[in-house]
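What follows is a short report on a single structure.
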Amino acid sequence: MAEVAFPSFSTREEVDFVIVGTGAAGGVIAKELSVAGHSVVLLEQGPHLQASDFHHDEWAYDHNLELTWGRSQGYPQTFRKFESDVAEEREMVCGYAHNVGGSSMHFSGNFWRFRPIDFIEASVRGTIAGTNFSDWPITYSDLEPYYTKVDWEVGVSGLQGSWDPPRSREYPCPPMPIKGSDVLLERAAKAMGLNPYPAPVAILSQPHNGRPGCIHCGFCNGYGCEVNAKSSSLVTMIPLALASGNCELRTHCTVHRVDTNEKGRATEVVYWGADGVVQAQRAKAVVLCANGSETPRLLLMSESAQHPDGLANSSGMVGKNLMFNGYSTVMGLFDEPVNAYKSVPATRVVHDFYELDPSVGFYGGGGIDGRHPSRGTPMGFALMAAPAFGTPAWGSDFKADLAYQFAHAAAFDGHTTSLPLSTNNITLDPTVKDKFGRPAIRTTYMDHPDDIETMRWFYEKTVEMMQIAGASNIVGDYERDGQEGNVHLLGTCRMGNDPDSSVIDATNRAHDVPNLFMCDGSSLVTSGRGQPTMTIMALAFRAGELISRAARRNEI
Amino acid sequence: MSRRHDNICTRFALSQLYGVSRLSVFRSRRNFLMDSAVVAKGSLLTLSLPAILSACQRSQLALEQGAEFRVFDAETAADLIAIAARIIPTDDTPGATEAGVIYFLDTIFDEPKRASQLASLKEGLLTLREQLPPDGRYFYELDEKQQDLLLSDNEQTPFFVTMRFLTIAGTFSLPMYGGNRNKVGYQLIGYEDRGAWWPPYGFYDADHVERGE
């Protein structure tokens with residue numbers, strides 16, 4: 001095979017596209033555009049880690065944030081529940097991995113498609129006063145071909161069946177072998193007349209597209225895959241983009257501005273390069289895929305006389321409608337070893353409560369899966385078990401309890417809806433800066449009462465399931481006081497047909513700036529049921545195709 | 001599901017479930033240890049660690065080998081070893097002492113960015129020593145029962161909370177950080193450190209297959 005000539009573009013050369021961010025969306029769009037023949041400069045603020053860099057290192061990843069970065073690395077964030085509060089500086093609020101592949105590198109791999117209802121729920125269910133709950137400008141059938149592209153090009157394992165939303169093609173890989181935690185979930189669910197089914201995951205159960213199958217090491221959630229079985233952008237899309245010969249990947253580049261000209265068009269992306277020197281890459285068009293917190297921050301930082309409230313923000317919706325997804329968790333102990341610390345996080349899911357009946361008196365819905373209580377991590381479990389189970393926190397009894405609990409524990413988790421609210425948002429912190437002097441991401445967030453009620457509903461349902469499963473020592477909780485951070489960063493540059501109430505149109509193009517596109521979690525109009533990455537990738541395949549088509553027609 | 005259970009499963013517990021994946025963990029770790037600093041990888045890989053301390057030798061050996069610690073004097077090391085040994089004791093199975101928690105501490109606190117945390121830790125130890133009986137100078141000189149009583153009185157202090165955190169971290173982290181020697185932490189909880197498995201993983205999935213479910 002001939003050696004691929006990697007391009008090296010001059011910053012003064014007007015490339016076809018600059019893409020900011022290499023994660024679930026950025027990786028896909030970089031691949032789609034570069035393989036289609038467009039010249040692409042791909043900017044990433046973190047390093048290009050490889051499988052050999054990843055270890056089961058709780059101390060480094062979970063406790064020193066070496067993949068996600070936080071205040072300790074010079075990237076503080078601030079949080080407040082209400083706009084009337086002064087935000088408090090935190091180690092981290094919106095969490096995401098800083099590396100090529102973004103959070104698709106360290107995520108759990110749960111890969112539920114959205115369902116037809118997710119796109120039209122406001123029409124079907126009715127709008128909700130005080131919220132921005134609305135339909136998408138596209139439907140499930142618009143996105144289905146791209147879900148299928150993700151299945152095959154990125155790599156998804158699952159089992160097609162009556163439980164699936166409509167699909168045009170079967171899964172490329174069979175489902176993961178069931179884990180003990182999900183046997184317990186499945187038995188309880190069936191006893192309750194529910195319909196558990198094999199969880200679709202972006203982790204290969206067998207070789208596919210030249211990558212190996214999973215070795216079931218158990219370190220998915222929060223960790224990079226050491227065998228490349230996890231279908232991240234890092235190992236699925238970025239290599240294809242680079243192999244196209246049309247894409248230059250620049251790592252350690254910290255973007256702080258998108259410049260526009262007097263015609264209102266984006267002209268260049270300004271960033272600090274790896275050496276700390278300011279650079280500005282000129283481009284015919286700009287695609288922001290920096291995630292649901294970084295993308296709105298960048299737009300707000302790109303204010304100018306022409307765009308006094310931030311770029312692409314004539315609607316005032318940039319940064320608003322932040323949705324985290326709710327969650328609940330219940331755990332218990334079982335008589336025999338479950339060993340849920342082995343293999344992928346979840347192998348069964350219950351979607352019978354995807355839409356709660358309106359008779360419950362609030363809006364919501366979600367899914368339930370089985371897990372290990374601490375993601376299978378030994379240190380994490382040892383820290384958490386005693387306070388969770390109410391058992392002694394130190395001494396010989398603590399030790400004896402731990403020796404039993406780790407292998408015998410299982411958790412049933414609820415993953416739920418969040419409503420879009422103007423008051424839940426990303427803004428620029430007025431005082432706190434990161435180490436580059438960029439305003440810190442300020443998160444203002446309080447779950448809607450219906451979101452908290454939904455979490456409570458799932459919490460109580462999973463307590464019942466644990467009891468039916470035969471667990472002892474059942475404990476659990478949900479975010480009853482509202483969440484104060486998350487890794488699902490959705491809705492902050494929402495898609496819509498109306499430029500007064502949305503930031504991007506149905507093709508991911510900014511309403512206000514003809515050659516600026518946003519595609520990542522920020523594009524989502526509604527939250528889905530707690531596993532957004534599949535939909536982010538499908539949107540990115542669709543956006544990549546539409547953007548390429550527009551470029552070829554000279555319509556950008 | 002009792003109300004007590006609801007209360008027991010505090011936000012701390014919930015947050016620990018998700019670690020990096022669910023961000024509430026970051027507000028649960030707001031004790032002084034976690035306020036700053038990363039572990040420098042380079043310094044960890046160039047360690048030359050002394051031999052494992054056995055249970056019967058623990059504090060005395062620390063005193064004799066005091067010179068081998070980079071950030072602790074012999075008495076501080078001996079006290080920290082003794083405290084860690086009450087949190088994860090050596091009984092019929094190895095504990096914090098055999099895991100080499102003290103070497104984990106000596107490793108991570110050698111990182112210059114942890115200087116202020118180390119100072120806080122040492123200050124916390126001095127405050128603990130002030131509570132010793134009038135003739136006592138060091139924690140390790142107490143018998144185990146006295147040690148447990150004193151630690152119980154200090155259970156809610158940042159110093160004890162941090163020592164509990166560090167003892168667990170040193171027992172269960174990767175051995176490259178100086179602790180979890182001979183993988184005693186993994187053995188304690190029944191974690192098979194193979195890094196790869198094939199089903200059946202445990203009892204219930206084996207049973208699932210056997211029953212043809």
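So that the names make sense, note that chain A is the first sequence line, chain B the second, and so on, each numbered from 1.
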[X] portion near chain A, given a 4.5 angstrom heavy-atom threshold:
X	value
B:T93	both
B:P199	side chain
B:N180	neither
B:D92	neither

Practice task
Check whether any side-chain N or O of B:R86 sits under 3.5 Å from a backbone N or O of A:G395 as a donor-acceptor pair, and report yes or no.
Solution key: no
Exercise for the section: Return yes if some donor-acceptor pair links the side-chain N/O of A:K399 with the main-chain N/O of B:P94 below 3.5 Å, else return no. Expected result: yes
Exercise for the section: Report yes or no: is the cationic atom of A:R187 (NZ for Lys, CZ for Arg) under 6.0 Å from the centre of the six-membered ring of B:Y204, at an angle within 45° of the ring normal? Expected result: no
Problem - Check: B:W197 ring centre within less than 6.0 Å of A:Y341 ring centre - result: yes
Problem - Smallest separation among heavy atoms of A:E226 and B:G195, with atom names - result: OE2-O, 4.4 Å
Exercise for the section: Please look at A:F334 and chain B and tell me whether the side chain, the backbone, both or neither of the residue comes under 4.5 angstrom of a heavy atom of that chain. Expected result: both
Fill in the blank from the handout: Under 4.5 Å to a heavy atom of chain B? For A:L184 that would be side chain
Exercise for the section: Could you pull out all residues at least two apart from A:H216 that satisfy side chain to side chain donor-acceptor pair (under 3.5 Å)? Expected result: A:S343, B:Y201
